[in-house]
Structure formats: structure tokens, C-alpha cells
Peer 1: 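Have a look at the structure that comes next, please.
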Amino acid sequence: MKNRGVALVTGLLMLTAVTLLAVTAAGSMTLQQQQAANFTDKHRASERAATAESWALAWLYSRSSHERSSACLHDCILPTAVAGPGILPSRPEIETLGWWRSHAVPAAIEPSSGETVGFVSDEQEEGYWLIEEIHFELSVAPAGIEGLGYYRILARGDGAAPGSTAVSEAIVARPWGPGVAPLAFPPDALLNDFCEAVPDPVPCGIVAWRKRR
């Protein structure tokens, strides 16, 4: 009887240990699944922000030079899509999604008409962009370049879970003048084609980038 009691106690202890191991393993697996889901959601948000940034850049490159007078130093092209210095909040990355929907331009939308001009997949929806002109300088050289504008593109993308938000900031140099050929909007060529056609040594394209959220 004594041996049977010892065996029973030993068996119960082993069963308890196995149960604890199983519970711990299940909890660890659940945590890993949650971490993987969070990573995927944050990656989706970053992809949506990147898509929105590309649409903003495409729109900026599509503006023809007659839309911006070389004598105008700010607020010179479609103010509904380009804000002047100091107009946007200092920390747009903390603004709510509702604020972005009210003030920013959705990906694949023409800002002046509000019409859908392109296609974005389900993985890229919910992307928004803003453009701020931060500096403009007149130029007389080389020929065909009348001025150089520096713009701040802010782009936001959201994942499925609350708080899965990505906000990026790109500083873009954009030359203006009769020697600058705008791209189509929506673009029918690579965005790099715009700057490749600008004569050296005029700055053009993204000169700085950072993730704000």
C-alpha cells in the first residue's frame, strides 16, 4: 500500500508538472502569435504610408510650371493640397485619424477634384498625405530653371489594430521653370524620371527622410 501511495503521489506530481509545462507553452505560443500579428499590422501601416508618400510625390511632380509663378514665394499652387509654412500642426503624427481624413489627401485621389485616379489594393488603403512648402528660392541658372522649392511630405498609414499607425516625413526638392517637364498624374512612368530630366547640379527629389511614428 505504501508503494502504491508513493507511486500515486509521484504520478500526480508528474502530471502537475506536465500540465504546467503545457500551460506555459500555450501561453508562450499565444504571445508569439500576438507579436507576429502586431508586427504584420505595423508593417501594413508602413506600407500604406509609403504608398501615400508616393502619390504625394507623383502629384507634386505633375504640376506644370505655369501653375507656380517664379515671383511667388509661398502658397502658390493649389493651396488645398500644398500648405504654406507654419500652417500644419507641429506634430501631425499625434493627430487622430479623423483629423487626417479631414485635412489630408487619400492615396489615389486627385486633390483638386476629389476624383479617384488610380488603384490601391486592400493592403494599401487608408493612406493619406499632406504637402507643406517650407522654402522657395529664385534661380537664374541653369537655363530653364526659374526657382527651387523645398517641400515637406507627410504620409500616414494605419493597420487594422488601434494604434498601428505609421507616419513618415520626406523633404523634397522640386525645381520649377520652363525647362522642367512635369509627369502625368496618375504617373505613367517612374517617379525617378522627373529628376533625371533636370539638369545638374540642381537639387531634385527626396533629400531627407525620417519616420515620425
Peer 1: Within a strict 4.5 Å, meaning less than it, do heavy atoms of the Glu146 and Pro178 side chains meet?
Peer 2: yes

Peer 1: Tell me whether Ile206 is reachable from Leu154 by hopping between hydrophobic residues (I, L, V, M, F, W, Y) whose side-chain heavy atoms are closer than 4.5 Å.
Peer 2: no

Peer 1: Could you go through Glu53 and Thr51, starting from their C-alpha distance and side-chain angles, then the distance that decides it, and tell me whether this counts as side chain to side chain donor-acceptor pair (under 3.5 Å)?
Peer 2: CA-CA 5 Å; Glu53 181 182 294; Thr51 298; over 6 Å; no

Peer 1: For a quick test of reading the model, state the closest non-hydrogen atom pair linking Pro106 to Trp129 and the distance between them.
Peer 2: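 Here Pro106 and Trp129 meet closest at O-NE1, 3.9 Å.
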
Peer 1: Please lay out, stage by stage, how Val172 and Tyr61 fare under the test side chain to side chain contact (heavy atoms under 4.5 Å, CB included).
Peer 2: CA-CA 10 Å; Val172 180; Tyr61 287 168; 4.1 Å; yes

Peer 1: Can you confirm whether Phe194 sits close enough to Pro175 that some side-chain heavy atom of one is under 4.5 Å from a side-chain heavy atom of the other?
Peer 2: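 A side-chain contact exists here, since the closest heavy-atom pair is under 4.5 Å.
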
Peer 1: Are any of the side-chain nitrogens in Glu132 or Arg152 under 4.0 Å away from the carboxylate oxygens of its partner?
Peer 2: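 Salt bridge flag = yes for Arg152 with Glu132.
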
Peer 1: Run Glu93 and Arg213 through salt bridge (charged side-chain N to carboxylate O under 4.0 Å, His left out) and show every step you take.
Peer 2: CA-CA 6 Å; Glu93 68 273 15; Arg213 179 177 177 181; over 6 Å; no

Peer 1: Run the side chain to side chain contact (heavy atoms under 4.5 Å, CB included) test on Cys204 and Glu196 for me, step by step, so that the C-alpha distance in whole Å, both residues' side-chain angles and the decisive distance to 0.1 Å come before the verdict.
Peer 2: CA-CA 9 Å; Cys204 183; Glu196 288 181 357; over 6 Å; no

Peer 1: Leu138 versus Phe136: any side-chain heavy-atom pair under 4.5 Å?
Peer 2: yes

Peer 1: Evaluate side chain to side chain contact (heavy atoms under 4.5 Å, CB included) for Thr165 paired with Val167, printing each intermediate quantity in order.
Peer 2: CA-CA 7 Å; Thr165 301; Val167 178; 4.1 Å; yes

Peer 1: If I take atom CZ from residue Arg63 and atom CD1 from residue Ile131, how far apart are they, to the nearest 0.5 angstrom?
Peer 2: 9.5 Å

Peer 1: Might you work through the side chain to side chain contact (heavy atoms under 4.5 Å, CB included) test for Tyr150 and Arg174, ending with a clear yes or no?
Peer 2: CA-CA 6 Å; Tyr150 286 90; Arg174 205 285 193 187; over 6 Å; no

Peer 1: With a 4.5 Å cut-off on side-chain heavy-atom distances among I, L, V, M, F, W and Y, is there a chain of contacts connecting Leu57 to Trp100?
Peer 2: no

Peer 1: If you look at every heavy atom in Ala166 and Ala49, which pair is closest and at what distance?
Peer 2: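 In this case the closest contact between Ala166 and Ala49 is O-CB, 3.7 Å.
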
Peer 1: Please round to the nearest 0.5 Å and tell me the distance separating atom CG of Leu97 and atom CG of Asp158.
Peer 2: 5.0 Å

Peer 1: Does Glu169 reach the side chain of Pro92, with side-chain heavy atoms less than 4.5 Å apart?
Peer 2: no

Peer 1: Would you name the heavy atoms of Pro111 and Ala81 that are closest together and state the gap between them?
Peer 2: CB-CB, 3.8 Å

Peer 1: Step by step, would you call His135 with Glu133 a side chain to side chain donor-acceptor pair (under 3.5 Å)?
Peer 2: CA-CA 6 Å; His135 177 67; Glu133 186 176 73; over 6 Å; no

Peer 1: Evaluate the ring planes of Phe185 and Trp55, with Trp represented by its six-membered ring, and classify them as parallel (under 30°), tilted (30 to 60°) or perpendicular (over 60°).
Peer 2: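 Perpendicular: the ring planes of Phe185 and Trp55 meet at over 60°.
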
Peer 1: Are Leu88 and Ile134 co-members of a hydrophobic cluster defined by side-chain heavy atoms under 4.5 Å apart?
Peer 2: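 Each belongs to a different hydrophobic cluster.
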
Peer 1: What's the spacing between Ile145 CD1 and Trp176 CH2 if we round to 0.5 Å?
Peer 2: 11.5 Å

Peer 1: Can you give me the closest heavy-atom contact between Gly127 and Ala52, atom names plus distance?
Peer 2: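 Closest approach of Gly127 to Ala52: C-CB, 3.7 Å.
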
Peer 1: Could you tell me the separation between the CD1 atom of Ile153 and the CD1 atom of Ile171, rounded to the nearest 0.5 Å?
Peer 2: 9.0 Å

Peer 1: Side-chain heavy atoms nearer than 4.5 Å, only ILVMFWY residues, links allowed to pass through others: does that put Leu130 and Tyr151 together?
Peer 2: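 No, separate clusters.
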
Peer 1: Compute the centroid of each ring, for Trp99 and then for Tyr128, and state whether the two points are separated by less than 6.0 Å.
Peer 2: no

Peer 1: Would you say Val82 and Val180 are hydrophobically clustered, going by side-chain heavy atoms of ILVMFWY under 4.5 Å?
Peer 2: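 Val82 and Val180: one cluster.
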
Peer 1: Donor-acceptor pair, distance only, cut-off 3.5 Å: does the side chain of Asp41 make one with the backbone of Ala161?
Peer 2: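 Looks like yes, one N/O pair under 3.5 Å.
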
Peer 1: Is the backbone of Ala160 close enough, under 3.5 Å, to the side chain of Ser164 for a donor and an acceptor to pair up by distance?
Peer 2: no

Peer 1: Please check: side-chain N/O of Glu115 versus main-chain N/O of Val117, any donor-acceptor pairing under 3.5 Å?
Peer 2: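 Here the side-chain-to-backbone pair does not exist.
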
Peer 1: Is the backbone of Glu95 close enough, under 3.5 Å, to the side chain of Arg156 for a donor and an acceptor to pair up by distance?
Peer 2: yes

